[in-house]
K.L.:
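Shown below is the structure under consideration.
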Amino acid sequence: MNLNAKVQPAVASIVIVLAVLAIMIKIWGDGRALAIGGPAQLLRAPSGDVYLQIQNQLLQHTPLGGFERRIDLAELGVTKIIGGIAFFPDGDILVRRGRDSRSLLDNVRAYGRLQSQRSILSPDPGSGLARCDLDSMTCAPFGVPTIDFRATFHAYINAATDIVYVSDTSRHTLRSYSADGSELSSIATGMKFPNQLLLHDEQLLVADTNNHRIAVLEVNRTVLPQESASIDVVPGEAESRDERWPTHFARVADRWWV
């Protein structure tokens, strides 16, 4: 093989185009695979009812597991679930409405684990986070102007204060909001792709995925303070298999599952 042979520009161009096309097909295929629906979220309402999210549907069950009804979120203006769903103390839900406005560039950046540069404000009055009543099937925008992460996010609502805590995953930021969507505070340093949130014993636990840990924050009624602790949740055996990306966790009896 002659390594000094000149490469024809036309051949080089074809190789580059084919490589880019292969990457685009993989990104598209990954997206299609994620779109094939199964159970995605299990939510407990303040009433005790349990809701199972499957694609654009919520299946409502009694606390003992009896089926009550199927809720089509399209009736609320939700065309595709992007991010989390959370219950307010009065039974309203926080959910993102509108079309999926993510571009190919957004998907490429997400696939490469690059930080999102998009504004969190909605350019479209019909899209963004909303507070919705599941009985009347009506919604009100969350925030003025409406907040729209347009990417993965998780939310936890403090039943005692109505404060909404959000992990803005693709922007590596934690945020807190009042019940009407007014931003109270944010932490934009130290987190890498934060995911699930949970308030436990007056501490906010955060799955800080790409830092391979659970972050612990002391909270008060209005703000997210500085981090108070960090818990390494990756045992050596998992580390050896590169299973070191905690995204969700749950407390079962006196044990934590991550």
Side-chain angles (χ1 to χ4, degrees), residues 41 43-46 76 78 81-98 115-125 127-134 138-211 213-231 247-249:
Q41 298 184 65
L43 309 163
R44 183 179 295 276
L76 300 176
V78 178
I81 294 292
I82 299 176
I85 301 172
F87 277 93
F88 286 93
D90 65 358
D92 288 355
I93 63 169
L94 180 70
V95 66
R96 184 195 179 274
R97 299 191 300 167
Q115 186 169 356
S116 173
Q117 302 300 313
R118 283 216 188 193
S119 167
I120 66 168
L121 301 181
S122 174
D124 176 5
S127 295
L129 271 65
R131 181 170 178 162
C132 301
D133 185 326
L134 294 179
T138 58
C139 298
F142 189 73
V144 180
T146 306
I147 300 162
D148 188 1
F149 298 115
R150 286 173 288 187
T152 301
F153 70 90
H154 293 264
Y156 182 89
I157 301 175
N158 187 337
T161 63
D162 259 8
I163 291 177
V164 180
Y165 299 105
V166 173
S167 58
D168 185 358
T169 305
S170 65
R171 296 176 183 83
H172 313 314
T173 301
L174 298 181
R175 306 179 190 274
S176 65
Y177 295 92
S178 65
D180 63 0
S182 300
E183 184 164 330
L184 301 174
S185 64
S186 65
I187 294 178
T189 58
M191 297 285 165
K192 289 185 179 179
F193 295 97
N195 279 288
Q196 187 188 350
L197 302 156
L198 176 67
L199 196 63
H200 177 73
D201 288 343
E202 301 303 318
Q203 294 178 318
L204 187 68
L205 309 181
V206 185
D208 190 9
T209 301
N210 281 41
N211 279 326
R213 63 175 188 156
I214 302 296
V216 182
L217 299 96
E218 301 290 342
V219 300
N220 58 35
R221 295 186 64 85
T222 58
V223 298
L224 289 172
Q226 294 299 312
E227 179 182 320
S228 64
S230 176
I231 303 172
T247 60
H248 296 78
F249 53 89

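We're numbering straight along the sequence, starting at 1.
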K.L.:
Could you tell me whether a side-chain N or O of Arg97 sits under 3.5 Å from a main-chain N or O of Pro141, the two making a donor and an acceptor?
P.N.:
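Checked: no pair found.
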
K.L.:
For Ala155 versus Leu94, what's the shortest heavy-atom pair and its separation?
P.N.:
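Nearest heavy atoms, Ala155 then Leu94: CB-CD2, 4.1 Å.
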
K.L.:
Find the distance between CD1 (Ile85) and CZ (Arg96) and round it off to the nearest 0.5 Å.
P.N.:
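The CZ atom of Arg96 is 12.5 Å from CD1 of Ile85, to the nearest 0.5 Å.
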
K.L.:
What closest approach, in Å, do Asp208 and Lys192 show between heavy atoms, and which atom pair accounts for it?
P.N.:
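Looking at all heavy atoms of both residues, the shortest contact is OD1-N, 2.9 Å.
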
K.L.:
Rounded to the nearest 0.5 Å, how far apart are NE2 of His248 and CG of Leu197?
P.N.:
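Output value for this atom pair is 10.0 Å.
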
K.L.:
Between Gln196 and Phe249 (side chain of the first, backbone of the second, donor and acceptor by atom type, cut-off under 3.5 Å), is there such a pair?
P.N.:
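Pair found, side chain donor or acceptor close to backbone of Phe249.
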
K.L.:
Do the ring planes of His172 and Phe193 sit parallel (below 30°), tilted (30 to 60°) or perpendicular (above 60°)?
P.N.:
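The rings of His172 and Phe193 stand perpendicular, inter-plane angle above 60°.
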
K.L.:
How long is the gap from CD1 on Ile157 to OH on Tyr177, to the nearest 0.5 Å?
P.N.:
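Going from the CD1 atom of Ile157 to the OH atom of Tyr177 covers 12.5 Å.
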
K.L.:
Between Leu217 and Leu174, does the side chain to side chain contact (heavy atoms under 4.5 Å, CB included) criterion hold? Intermediate values first, please.
P.N.:
CA-CA 11 Å; Leu217 299 96; Leu174 298 181; 4.1 Å; yes

K.L.:
Considering only heavy atoms from C-beta outward, does the side chain of Val164 approach that of Leu184 to under 4.5 Å?
P.N.:
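No, side chains not in contact.
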
K.L.:
Do you know the tightest heavy-atom contact between Thr173 and Ser186?
P.N.:
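Answer, listing the atom of Thr173 first, then Ser186: CG2-CB, 4.1 Å.
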
K.L.:
I need the Thr146 OG1 to Leu129 CG distance, nearest 0.5 Å.
P.N.:
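If we round to the nearest 0.5 Å, Thr146:OG1 and Leu129:CG are 9.0 Å apart.
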
K.L.:
Once rounded to the nearest 0.5 Å, what's the spacing between atom CG of Asn195 and atom CD1 of Ile214?
P.N.:
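The distance works out to 9.5 Å.
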
K.L.:
Can you give me the closest heavy-atom contact between Phe87 and Ala45, atom names plus distance?
P.N.:
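Between these two residues, the closest heavy atoms are CE2-CB, 3.7 Å.
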
K.L.:
Taking all heavy atoms of Glu218 and all of Glu202, pick out the closest pair and write down the distance.
P.N.:
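In this case the closest contact between Glu218 and Glu202 is OE1-O, 3.7 Å.
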
K.L.:
Taking all heavy atoms of Tyr165 and all of Ser176, pick out the closest pair and write down the distance.
P.N.:
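Heavy atoms of Tyr165 and Ser176 come nearest at CD2-CB, 3.9 Å.
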
K.L.:
Would you call Asp162 and Pro89 a side-chain contact if the rule is heavy atoms closer than 4.5 Å?
P.N.:
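Counting from C-beta outward, Asp162 and Pro89 do come under 4.5 Å.
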
K.L.:
Testing Ile147, Val166, Ile120 one by one against Glu183 for a side chain to side chain contact (heavy atoms under 4.5 Å, CB included), which residue passes?
P.N.:
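Only match with Glu183 under side chain to side chain contact (heavy atoms under 4.5 Å, CB included): Ile120.
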
K.L.:
Evaluate the side chain to side chain contact (heavy atoms under 4.5 Å, CB included) criterion for residues Asp90 and Arg131: first the C-alpha distance (whole Å), next the side-chain angles of each, then the deciding distance (0.1 Å), finally the verdict.
P.N.:
CA-CA 11 Å; Asp90 65 358; Arg131 181 170 178 162; 3.0 Å; yes

K.L.:
With rounding to the nearest 0.5 Å, note down the distance linking CG in Asp92 to OG1 in Thr138.
P.N.:
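Asp92 CG to Thr138 OG1: 8.0 Å, rounded to 0.5 Å.
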
K.L.:
Is any side-chain heavy atom of Leu76 closer than 4.5 Å to one of Leu134?
P.N.:
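A side-chain contact under 4.5 Å exists here.
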
K.L.:
Begin with the C-alpha distance, continue with both residues' side-chain angles, and end with the deciding distance and a verdict on side chain to side chain contact (heavy atoms under 4.5 Å, CB included) for Phe149 and Arg175.
P.N.:
CA-CA 12 Å; Phe149 298 115; Arg175 306 179 190 274; 3.8 Å; yes

K.L.:
Any salt bridge linking Asp124 with Arg150? Criterion: basic side-chain nitrogen under 4.0 Å from a carboxylate oxygen.
P.N.:
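The answer is no: the pair does not qualify as a salt bridge.
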
